[in-house]
Amino acid sequence: SSVLPANDFYRYVNGKSIERQRALYPQQSFNYFDALQVQTDSLLFNWIKEVASNNEYPVGSDARKLNHFLSIALDTQRLASQNNRPIQNLKNKIQSITAKQQLQSYLIDDILTGASLFFDLEVRVDFKNAKKGIAVLFPNQLGLSKQQFLLQDNESRAYRLQYYQFLIQLLVADGQSIDIAEAMAATTLKIETALAKSRKVPSNEIEDVKVSIQDLSEIFEIIDWPNWLMQAGLKTDSIAIDDVNYFKACNELVQKLSIVELKQYAHTSLLRKAAPYLSKNFAEVHDKFYGSDTNKNMIRWQRAIAELN
């Protein structure tokens with residue numbers, strides 16, 4: 001290494017190894033966990049390709065499903081020709097909303113496709129009974145961190161402006177006019193800032209709170225939770241919530257927002273989260289903004305493996 005040991009001993013010892021790994025995994029931020037992850041993913045990807053290439057597996061088998069999944073995920077020519085069509089049905093569903101009660105129907109498709117407008121859902125091990133699983137609702141993933149939304153230093157202000165411009169680029173690529181794209185991006189920034197404010201502490205410091213479905217209906221009133229859970233394929237009389245305060249604040253926010261604002265946010269949020277899986281023009285805009293985030297700026301096969309994991 002060209003670094004003097006007195007200046008940076010870690011870099012002096014490990015510099016060449018780090019550069020070799022960066023050549024394999026070209027991200028601005030890097031550590032050895034990243035290197036281990038990419039090596040593991042590469043081994044898994046090669047194994048899946050070998051299994052999926054065998055046409056002797058019967059229709060409906062896991063191997064044939066893997067074959068079909070990879071053929072879709074890695075077919076860049078097909079993706080390029082489709083542009084934004086893979087999310088057109090969801091966009092149409094958003095456009096058809098005329099009352100807040102209709103948000104219920106969209107949120108079923110939203111959670112099942114991973115768009116996660118206001119919240120996400122997963123099944124975790126019930127720590128009180130390891131033989132059982134428990135459904136957990138937790139806050140959605142915003143476009144920026146809570147600190148980036150709320151801090152008033154120059155760097156955070158600049159990052160919010162870049163995020164606003166990034167959303168406009170995505171929306172214009174989606175076919176929106178500049179004026180409409182600017183309005184939709186501004187609405188999204190306003191809503192996500194409000195959602196960020198409701199997150200009082202880091203998510204990993206909050207213990208899940210188990211509530212009855214009746215209690216959940218009082219916390220987040222806009223949704224018919226028994227019906228929503230049934231359509232999501234869950235049969236349960238209780239559910240755990242990660243950050244109850246967030247869901248209470250989210251309920252208040254949804255009550256205050258207009259239908260137009262809700263639809264603008266739903267459309268923009270869907271597009272932002274789908275962008276890395278759409279055609280190259282969307283993926284490049286996404287990766288240009290999130291380029292320093294090793295979890296988001298992945299090449300196509302890495303995204304495919306991440307979805308399998």
Side-chain angles (χ1 to χ4, degrees), residues 83-107 109-111 113-119 139-152 154-199 222-223 246 249-279 281-290 296:
N83 197 35
N84 59 1
R85 286 202 296 275
I87 59 171
Q88 190 59 51
N89 287 341
L90 285 172
K91 287 166 56 181
N92 291 342
K93 199 154 194 174
I94 293 169
Q95 190 59 36
S96 69
I97 295 174
T98 58
K100 291 183 181 180
Q101 289 73 16
Q102 293 175 319
L103 192 64
Q104 168 98 18
S105 177
Y106 172 71
L107 287 176
D109 292 333
D110 171 76
I111 205 75
T113 56
S116 309
L117 182 60
F118 291 110
F119 54 85
N140 67 339
Q141 183 182 29
L142 302 178
L144 300 175
S145 69
K146 174 178 178 174
Q147 290 77 10
Q148 288 167 334
F149 274 116
L150 303 182
L151 293 179
Q152 296 303 313
N154 291 335
E155 184 178 353
S156 297
R157 290 175 185 271
Y159 210 69
R160 286 194 291 274
L161 177 59
Q162 292 170 19
Y163 179 59
Y164 170 71
Q165 294 168 339
F166 153 70
L167 293 177
I168 291 173
Q169 286 182 283
L170 278 183
L171 289 160
V172 169
D174 187 50
Q176 309 299 323
S177 69
I178 287 290
D179 290 346
I180 292 176
E182 288 177 346
M184 293 174 75
T187 296
T188 298
L189 198 58
K190 180 184 80 170
I191 292 174
E192 291 195 332
T193 300
L195 292 174
K197 286 180 181 178
S198 70
R199 300 182 183 188
I222 197 69
I223 297 175
Y246 167 82
C250 195
N251 179 64
E252 293 177 6
L253 178 64
V254 172
Q255 302 284 9
K256 293 176 183 178
L257 291 172
S258 68
I259 291 296
V260 171
E261 289 174 318
L262 282 169
K263 290 168 68 172
Q264 287 181 333
Y265 177 50
H267 185 131
T268 309
S269 179
L270 169 65
L271 188 60
R272 173 176 64 82
K273 292 174 181 177
Y277 307 99
L278 298 175
S279 56
N281 54 323
F282 290 99
E284 286 183 343
V285 172
H286 177 276
D287 291 348
K288 183 178 179 181
F289 179 72
Y290 288 114
K296 291 177 180 175

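Just so it is clear, the structure is predicted and the values come from calculations on it, not from any experiment.
A distance-only check finds no donor-acceptor pair linking the side chain of Tyr265 to the backbone of Lys190 [under 3.5 Å]. Judged purely by atom type and a 3.5 angstrom limit, Lys100 uses its side chain to pair as donor or acceptor with the backbone of Leu257.
Once rounded to the nearest 0.5 Å, the distance linking NE2 of His267 with CD of Gln95 reads 8.5 Å. Rounded to the nearest 0.5 Å, atoms NZ (Lys273) and CG (Leu117) are 7.0 Å apart. Interatomic distance, CD of Glu284 versus OG of Ser279, reported as 9.5 Å (0.5 Å rounding). Rounding to the nearest 0.5 angstrom, the gap separating the CD1 atom in Ile222 from the CZ atom in Phe118 is 9.5 Å. In this structure, Ser105 OG and Ile97 CD1 are separated by 8.0 Å, a value rounded to the nearest 0.5 Å. Here the straight-line distance linking atom CG of Asn251 with atom OG of Ser198 works out to 11.5 Å at 0.5 Å rounding.
Shortest non-hydrogen contact noted between Lys93 and Asp109 is NZ-OD2, 2.6 Å. In plain terms, the two heavy atoms of Thr188 and Gln264 that are nearest each other are OG1-O, 4.2 Å. Scanning both residues, Ala99 and Ile259, for their nearest heavy atoms gives C-CD1, 3.5 Å.
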Report all side-chain donor-acceptor pairs from residues 161-172 shorter than 3.5 Å, counting only partners two or more places apart or in another chain.
unit_1: Tyr163; atom_1: OH; unit_2: Glu192; atom_2: OE1; d: 2.6
unit_1: Tyr163; atom_1: OH; unit_2: Arg272; atom_2: NE; d: 3.3

Test Thr98 against Gln102 for side chain to side chain donor-acceptor pair (under 3.5 Å), laying out the working first.
CA-CA 7 Å; Thr98 58; Gln102 293 175 319; 2.9 Å; yes

Carefully, step by step, assess Tyr159 and Phe289 under the rule side-chain contact (heavy atoms from CB on, under 4.5 Å).
CA-CA 10 Å; Tyr159 210 69; Phe289 179 72; 3.9 Å; yes

Verify side chain to side chain donor-acceptor pair (under 3.5 Å) between Gln152 and Arg157, making sure each step is shown before the conclusion.
CA-CA 6 Å; Gln152 296 303 313; Arg157 290 175 185 271; 3.0 Å; yes

Applying side-chain contact (heavy atoms from CB on, under 4.5 Å) to Cys250 and Leu195, what does each step give before you reach the verdict?
CA-CA 7 Å; Cys250 195; Leu195 292 174; 4.0 Å; yes

Decide side-chain contact (heavy atoms from CB on, under 4.5 Å) for Tyr246 and Asn140; before the verdict, give the C-alpha distance in whole Å, the side-chain angles of both, and the deciding distance to 0.1 Å.
CA-CA 10 Å; Tyr246 167 82; Asn140 67 339; 3.1 Å; yes

Assess the residue pair Thr187 and Thr268 against the criterion (side-chain contact (heavy atoms from CB on, under 4.5 Å)); give the C-alpha distance rounded to whole Å, side-chain angles, the decisive distance to 0.1 Å, and a yes or no.
CA-CA 9 Å; Thr187 296; Thr268 309; over 6 Å; no

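Between Phe282 and His286, the distance from one ring center to the other does not fall under 6.0 angstrom.
For residues 166-187, the set of pairs meeting the salt bridge (Lys or Arg N to Asp or Glu O under 4.0 Å) definition, not counting sequence neighbours, comprises Lys91-Asp174.
Heavy-atom contacts from other residues, nucleotides or ligands closer than 6.0 Å to CD of Gln255 number more than 12.
By the side-chain contact (heavy atoms from CB on, under 4.5 Å) test, Ser258 pairs with Val260, Glu261, sequence neighbours left out.
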